[in-house]
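Everything below concerns the one structure shown next.
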Amino acid sequence: MINKLWIFFIVVGSLYLIFNGKADVLNSQILSSGKTTLDLIIQIFPLLAIWLGIMNIAKQSGLLEKASNFISPFLSKIFPEIPKGHESLGLISSNIIANLFGLGNAATPFGLKAMESLQKLNKEKETASRSMITFLVINTCGVTLVPTTIISLRMMHDSTDPTSIVVPCIIVSFVSLIIGLIIDRLFARRYK
Amino acid sequence: MKLISNLFIPLLVLVVILYGAKKKINVYDSFVDGAKEGLPMVLNMFPPLLAMIFGINIFTNSGLINEVFTFLKPLFLLIHVPLEILPIAVMRPLSGSFGLALLNDMFTTYGADNYLSIMASIIQGSSDTTLYIITLYFGTIGIKKIKYALWAGLLADLATVILSLIIVPLFF
């Protein structure tokens, strides 16, 4: 799937640029993507290391397991394949909570650890498991209580009420999350 | 809300460290061991992200998108969807920074409090970059067959756009 999409992006984009005589744009896109990626990684890396450190303390002290016991009745409905008390439940809930508070940077390390942990439960290591896809859908729905980037962008553009978008945002993202989870469940049944 | 948001990280850090101290584990060593995992993780992250950014940049900067929008215009006018929000609705799942740049353009053109700008803000704010998340999470742990993940993610994004079209008129 990703393979086909990738071919499509590159072939269609390149041909369009070439036929419009904009080979220079194509050149700079090809040459700059490495730097764009490296900049992104450099942005992610320091925060990732800090959160992995903090998370390791939470894991070794048993705090993560405790937190997962607390919310697992709720999460086990969404993730029926994860055994009760498994560490991934604690990581998933940490990711969801960090996202809720608009801490995308803190949410990513939790999400990555959660995926690694789900990978341990996964039987076919190169194929996404049902739980992984459910977790992914939760993340793509971008459920958040404070869309910080957008509020600050609105402030930058002199909005009279920058936070007026918060409540509709919460409603839209929560309802789309529920729809997303239903879609995910329907797909999971078909793929069984 | 802002206070809760600002206090969240410090409190979380404090609780984790105090709990670790209470359970008498060596929190310092534990932190160092955990942080050590960061490097292999970003090394695994780099190749799939590079591949995706490489492809997406060529596509999004080709200008083809504008052609597609001009082509789709009559259809969208027919179902009463404001055409101005179309670019952000389509590009949001593909690229977070591109979506933000589009939003910035709209704020500059129409003003931040314009109805269309608000609708675009809500679409941008209530969803996330599906393709980036798939690449980042699945790429890092080495998943190659993503099954229905992309479809589920994109359908949820479509739901976000449709919901925004329904809910925004109720508020503004």
Side-chain angles (χ1 to χ4, degrees), chain A residues 1-2 6 9-10 13-14 16-17 25 29 33-34 36-37 41 45 48-49 52-58 60-63 101-102 106 111-112 115-116 119 126-128 133 136-137 139-142 146-147 150 153-154 157 159-160 165 168-169 171-173 175-176 179-180 183-184 187 191, chain B residues 1 5 8-9 13 16 19-20 23 25 27 30-31 33-35 37-38 41-42 46 49-50 53-59 61-62 64 103 107 112-113 118 121-122 124-128 130 133 137-138 140-141 143-150 152-153 155-156 159-160 163-164 167-168 171:
Chain A
M1 187 67 228
I2 291 284
W6 201 63
F9 281 156
I10 293 174
S14 300
Y16 187 79
L17 280 167
V25 177
Q29 288 312 322
S33 52
T36 312
T37 314
I41 294 277
F45 179 51
L48 184 69
L52 289 173
I54 297 289
M55 243 175 332
N56 200 37
I57 300 174
Q60 290 186 348
S61 64
L63 186 62
F101 283 91
L112 285 165
M115 278 292 180
E116 271 188 355
Q119 179 72 316
E126 292 198 345
T127 308
I133 298 176
L136 200 94
V137 169
N139 267 279
T140 62
C141 284
V146 250
I150 291 163
L153 192 67
R154 284 170 61 76
H157 284 270
S159 165
T160 47
I165 55 145
C169 257
I171 297 174
V172 171
S173 60
V175 179
S176 75
I179 296 174
I183 292 170
D184 171 63
F187 269 118
Y191 271 74
Chain B
M1 203 70 241
S5 190
F8 183 73
I9 288 183
V13 170
V16 169
Y19 191 84
K23 291 281 160 183
I25 64 160
V27 285
S30 182
F31 181 89
D33 278 345
E37 288 174 49
M41 221 179 229
V42 286
F46 187 79
L49 263 188
L50 174 67
I53 288 173
F54 183 80
I56 290 215
N57 274 2
I58 291 175
F59 187 70
N61 292 303
S62 69
L64 180 67
L103 198 61
F107 285 4
D113 293 324
I118 286 174
S121 303
I122 288 165
Q124 174 89 12
S126 332
S127 55
D128 212 319
T130 302
I133 293 177
Y137 283 175
F138 283 174
T140 307
I141 58 167
I143 295 288
K144 295 211 168 67
K145 291 189 187 121
I146 64 163
K147 295 207 296 198
Y148 52 91
L150 184 66
L155 282 172
T160 303
L163 281 167
S164 303
I167 287 172
V168 175
F171 277 86

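Scope of the values below: all heavy atoms of this structure, side chains included, with no hydrogens, waters or symmetry mates. Note on naming: letters A, B, ... go to the chains in the order of the sequence lines (proteins, then strands), and numbering restarts at 1 for each one.
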Task: Part of A:Y191 within contact of chain B (heavy atom distance under 4.5 Å) - done: side chain
Open item on the list: Which atoms of A:M115 are under 4.5 Å from chain B, going by heavy atoms: the side chain, the backbone, both sets, or neither?
Closed with: both
TODO: Could you have a look at A:A58, A:P168, A:A49 and say which one has the most heavy-atom pairs with chain B under 4.5 angstrom?
DONE: A:P168
TODO: Against chain A, label B:F54 side chain, backbone, both or neither, depending on which of its atoms sit under 4.5 Å from a heavy atom there.
DONE: both
Open item on the list: Quick check for you: among A:I165, A:N139, A:V25, A:L63, which has the greatest number of heavy-atom pairs under 4.5 Å with chain B?
Closed with: A:L63
Open item on the list: Between A:D184 (side chain only) and B:A152 (backbone N and O only), is there a donor and an acceptor less than 3.5 Å apart?
Closed with: no
TODO: With a 4.5 angstrom heavy-atom cut-off, could you sort out which part of B:I133 is near chain A: side chain, backbone, both or neither?
DONE: both
- [ ] Can you tell which part of A:I179 gets under 4.5 Å to a heavy atom of chain B, answering side chain, backbone, both or neither?
- [x] side chain
TODO: Pick one of side chain, backbone, both or neither for B:L49, based on which atoms fall under 4.5 Å of a heavy atom in chain A.
DONE: both
Open item on the list: Taking side chain as everything from C-beta outward and backbone as N, CA, C, O, which of these in B:L155 sits under 4.5 Å from a heavy atom of chain A? Side chain, backbone, both or neither.
Closed with: both
Task: A:F187 and B:Y148 aromatic ring geometry - parallel, tilted or perpendicular at 30°/60° bounds - done: parallel
- [ ] Using non-hydrogen atoms and a 4.5 Å limit, figure out which bit of A:V175 sits close to chain B: side chain, backbone, both or neither.
- [x] both
- [ ] Using non-hydrogen atoms and a 4.5 Å limit, figure out which bit of A:I183 sits close to chain B: side chain, backbone, both or neither.
- [x] side chain
Open item on the list: Rounded at 0.5 Å granularity, tell me how far CD1 in A:I133 sits from CD1 in B:I143.
Closed with: 9.0 Å
Task: Heavy-atom proximity to chain A below 4.5 Å, by part of B:K145 - done: both
Task: Interchain contact, A:V172 with chain B, by part (heavy-atom threshold 4.5 Å) - done: both
TODO: Let me know if B:T140 has heavy atoms under 4.5 Å from chain A in its side chain, its backbone, both or neither.
DONE: side chain
TODO: Please round to the nearest 0.5 Å and tell me the distance separating atom CD1 of B:I118 and atom CD1 of A:I150.
DONE: 12.0 Å
